[in-house]
Q: 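First, the structure itself, so that you have it in front of you.
Just so we're on the same page: letters track the sequence lines, and every chain starts at 1.
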Amino acid sequence: MKYPAPLRFKMPSTLAAVDESCLGVKTWLQDNGLENDWFAVLLLLRESLNNAVIHGNRNDPVLDVDCELRRGRRWLSISVADSGAGFSWARAKKHRACCRDTCGRGLEIYQLYADEVVFNRRGNRVLLRRQLRKGGECALNSNRAK
Amino acid sequence: MPSIQIEQSENQALIQLQEPLTSALARELRPRLLEVIAKGATQMVMDLSLVDLVDSGGIGLLIATRNSLAKVGGGMRIVGASSEIQHLFQVMRLDRHFEVEGKPGDGSLS
């Protein structure tokens, strides 16, 4: 089976650019037979782009966010990098928002919807891998499905 | 068609969204919802029938609005949520704090 070429793009650090990029990726998912899992993939993509724009590049439109989506036989990966100073992802991964918190849920969404979450040492690049599901399910990762 | 429609009658408000409830939309919507509460709304219904995705920024807006309504003794109900959005709210434990209704005929996971 031949897989589509990776989808690579650069975008300015604005939330409007996140919306626009996600629209383009939705079309790419449909064109490549991934429409059944679009909710989870687009949610992961949005969270990673939002984090890069807001926390990484501090909404500075001059700074770019780099993104790559790659489809394999059983996996789809999303790689997002910003130009920021990075963050202490090991500490942040342990954080869980309480019911009244109005922010701080992005990393929890990574952990729920991605099967693998890998940050570079600096914390300004994240790689999210999601196992492709058969059929129209929007399942959580296998460790979280219960 | 505007992406946000707001109807208010005395202490009741109906908010209809027509695009994904994302961080970008949340920034636009937050002051408008605060204005609705300032005008006396205590019971809010958020209609997500035309919304296919909610991100963490959208979730933050829903929580902030619920917190603001709680301060005036009110509450919020979410209606028309797709099965994917209901699933997200469930795994993020939001269904403990909101009354969430699905779309009629949509397979609910809750």
Q: Do A/L23 and A/L7 belong together in a cluster built from hydrophobic side chains that touch within less than 4.5 Å?
A: no
Q: Check whether A/L42 gets within reach of chain B through its side chain, its backbone, both or neither, counting any heavy atom under 4.5 Å.
A: both
Q: Can you measure from CE (B/M92) to CG (A/L112) and round to the nearest 0.5 angstrom?
A: 6.5 Å
Q: For chain B, which of A/L43, A/I54, A/V18 has the most heavy-atom pairs under 4.5 Å?
A: A/L43
Q: Atom CZ of B/R93 and atom CZ of A/R105: how far apart are they, to the nearest 0.5 Å?
A: 7.5 Å
Q: Under a 4.5 Å side-chain heavy-atom rule over Ile, Leu, Val, Met, Phe, Trp and Tyr, are B/V72 and B/M46 clustered together?
A: yes
Q: Indicate yes or no: at least one non-hydrogen side-chain atom of A/R46 is less than 4.5 angstrom from one of B/V54.
A: no
Q: Grab the two heavy atoms, one from B/H87 and one from A/Y113, that are nearest each other, plus how far apart they are.
A: C-OH, 4.3 Å
Q: Does A/R125, at its CZ atom, have more than 12 non-hydrogen atoms belonging to other residues, nucleotides or ligands within less than 6.0 Å?
A: no
Q: Looking at A/E68, I want to see if its CD is surrounded by more than 12 non-hydrogen atoms of other residues, nucleotides or ligands under 6.0 Å.
A: yes
Q: Same cluster or not: B/L53 versus A/W28, using hydrophobic residues (I, L, V, M, F, W, Y) connected whenever any side-chain heavy atoms lie under 4.5 Å apart?
A: yes
Q: Under a single-linkage definition using a 4.5 Å side-chain heavy-atom cutoff for Ile, Leu, Val, Met, Phe, Trp and Tyr, are B/L25 and B/V79 assigned to the same hydrophobic cluster?
A: no
Q: Would you say that A/L15 contacts B/T22 through its side chain, given a criterion of any heavy-atom pair below 4.5 Å between the two side chains?
A: no
Q: Under a 4.5 Å heavy-atom cut-off, does chain A meet the side chain of B/I59, its backbone, both or neither?
A: side chain
Q: Would you mind checking which part of B/I85 comes under 4.5 Å of any heavy atom in chain A, side chain (CB onward), backbone (N, CA, C, O), both or neither?
A: both
Q: Check the surroundings of atom CD in A/Q30: do more than 12 heavy atoms from other residues, nucleotides or ligands lie under 6.0 Å from it?
A: yes
Q: Once you round to the nearest 0.5 Å, how far does OG of B/S56 lie from CG of A/L107?
A: 9.0 Å
Q: For B/L88, is it the side chain, the backbone, both or neither that has a heavy atom under 4.5 Å from a heavy atom of chain A?
A: both
Q: Has A/R58 got more than 12 heavy atoms of other residues, nucleotides or ligands less than 6.0 Å from its CZ?
A: no
Q: Taking every non-hydrogen pair under 4.5 Å, which of B/R27, B/E19, B/R96 racks up the most with chain A?
A: B/R27
Q: With no hydrogens and no angle check, is any side-chain donor or acceptor of A/E47 less than 3.5 Å from a backbone partner on B/D55?
A: no
Q: Considering only NZ, NE, NH1 and NH2 on the basic side and carboxylate oxygens on the acidic side, decide whether B/D52 and A/K26 come within less than 4.0 Å.
A: yes
Q: Under a single-linkage definition using a 4.5 Å side-chain heavy-atom cutoff for Ile, Leu, Val, Met, Phe, Trp and Tyr, are B/L14 and B/V51 assigned to the same hydrophobic cluster?
A: no
